[in-house]
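Take a look at the structure below.
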Number of protein chains: 2
Amino acid sequence: MTPPSSARARPGPPRALSEAEILAAALRLLDQGGPAALSVRGVANEVGVSPNALYTYFPTKSALARALVEGLLGQVDRRTLVDRSQPWRTRIVAFALAVRTLLLDHPGAVPLLLGSPYDGPNALASHEELLEVLADAGLTPEDAARAAYLIITYILGSIALDVAEHDPAAAPLDEPARTAARRAALTHIPPGSYPRTAASAEVIAAYNTTTQYTWGLRRLLDGLAGSTATTR
Amino acid sequence: MTPPSSARARPGPPRALSEAEILAAALRLLDQGGPAALSVRGVANEVGVSPNALYTYFPTKSALARALVEGLLGQVDRRTLVDRSQPWRTRIVAFALAVRTLLLDHPGAVPLLLGSPYDGPNALASHEELLEVLADAGLTPEDAARAAYLIITYILGSIALDVAEHDPAAAPLDEPARTAARRAALTHIPPGSYPRTAASAEVIAAYNTTTQYTWGLRRLLDGLAGSTATTR
DNA sequence: ACCTGAACACCGTTCAAGT
DNA sequence: ACCTGAACACCGTTCAAGT
């Protein structure tokens, strides 16, 4: 018995285009060529369709970008963040590292992320979970909310500054290569004008490392812990 | 005696175009219509010249954008930052507020700032001066450098998140209006799914205020002060 | 050195038309 | 509902030419 030709089940004659397929193609272009490569016409070409066909699925290019960002945020590993058996610092550090790992794998998405409001379901879920960790840390609801925003701000700000140095069209570099490039650039700055900067060149070259990222986060968490009694 | 017609002094027959004039026109477009309004052709039209004439002054559009950002950073008031008679926290808070004030006056420039490497003369000078404040605060050179980057990261991250919510083409809103808009948006999120977020809606609506900004900065400075003996 | 006209290879989006 | 062809009003940049 052949099944009835419902719109759901048919393999379809020409193409079974879908939102997911479009977003996957968009992410591919973003990863290869950066934000400049993410064009409506480019995505259409990638999925083998005429440019205006995409308007059936997304009303504008920026709606497509928002959906892409939301999809990426959904891939952040939040298992440790919500694990109440872990110490609160561990949970926050794990979340911060998970966001960073994901976004450094998709640096082209960072400008998109910073250009869209932080209000999708995945953003809201992360926020809610951060409020829980900070309540578990002993903060009042008011301080927990302020602290959650401070943490989000630090995470996204750090990643944005890091990504801003890459050529979006070039192949992504690993951490030692990026530090080496920064070190090389620092040798060109005049020590006479910027003596302290020159003297700390090694640390500054490593601004974009995981070490600096977690150092800053821990100082920040220290500041939050100081505003409460318990720091378990 | 008429002066010799040196290239320097002449009022010129058609137009005395200059880098400064081009940058001023670019900033005007940016302020009125956001980053999308900053086009080579638009700037050329604004200064009354054909599009390709700009290539005499800037090799590419992104070079123009970098020069624009560098010019804006030069307008940040750093007088308190370098005033060694002031307590170190005061100096840093004053700098952070000065950067924020300037960039909220030119929100369209923020995506440009986050898209260019932080390596111009004004960026380097701020960095050098931050290292001095933090040394005055008693940090080791190594900790001072890490701390400087933490502070820069916080400043730019906060401002970026704030600006991301505005319509770049719309007229800029003042702080109470922006908070009211956030409060209105928050009433649409389901309290069942995000109970803590819903319970803290008032604080969250105020995420983009000066109060939240300085609260976060002070927690961060608390964290830095904890890593040293003296906190004068 | 500084500017123009014309062109190239792109954009996002809309509209009328087809199935 | 979903797709196409054609068009509109834009882009950044280059090239040859003028002064």
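What you are looking at is a predicted structure, and each value in this text was computed from that prediction instead of being measured. Each chain gets a letter, A, B and so on, in the order its sequence line appears, and its residues count up from 1.
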Take the protein atom [atom1] of [X] and the nucleotide atom [atom2] of [N], then report the distance between them rounded to whole Å.
X: F58(B); N: dG12(D); atom1: CZ; atom2: C1'; result: 16 Å
X: N45(A); N: dG12(C); atom1: CG; atom2: C1'; result: 16 Å
X: L29(A); N: dC10(C); atom1: CG; atom2: C1'; result: 15 Å
X: I22(B); N: dC3(C); atom1: CD1; atom2: C1'; result: 12 Å
X: L54(A); N: dG12(C); atom1: CG; atom2: P; result: 10 Å
X: E19(A); N: dC2(D); atom1: CD; atom2: P; result: 10 Å
X: Y55(A); N: dA1(D); atom1: OH; atom2: P; result: 20 Å

Salt bridge (charged side-chain N to carboxylate O under 4.0 Å, His left out) between R78(A) and E129(A), worked out: CA-CA 9 Å; R78(A) 301 202 306 266; E129(A) 288 156 12; 2.6 Å; yes

Phosphate oxygens OP1/OP2 of dC3(D): is one of them under 4.0 Å from a side-chain N or O of Y57(A)? yes

Is T56(A) close enough to dA1(D) that one of its side-chain N or O atoms is under 4.0 Å from OP1 or OP2 there? no

Name the closest nucleotide to the [X] side chain, picking from [options].
X: L17(A); options: dT13(C), dC3(D), dT13(D); result: dC3(D)
X: V49(B); options: dT13(C), dT4(C), dC11(D); result: dT4(C)
X: P51(A); options: dT4(D), dT4(C), dT13(C); result: dT13(C)
X: T60(A); options: dG12(D), dT13(C), dT4(C); result: dT13(C)

Rounded distance [0.5 Å steps], CD1 in I22(B) versus CG in L27(B): 14.0 Å

Indicate the atoms forming the closest heavy-atom contact of D31(A) with D105(A), along with that distance. OD1-O, 4.1 Å

Shortest non-hydrogen contact from A148(B) toward Y207(A): CB-OH, 4.1 Å

Complement of dC10(C), any strand, by Watson-Crick or G-U distances under 3.5 angstrom: none

Quick one: look up who dT19(D) pairs with, Watson-Crick or G-U, both distances under 3.5 Å, and put none if it's unpaired. dA1(C)

Closest to the 5' end of DNA chain D, once R41(A) and S50(A) are matched to their nearest nucleotides, is S50(A)

Determine, for E165(B) against R182(B), whether the closest basic-nitrogen to carboxylate-oxygen distance falls under 4.0 angstrom. yes

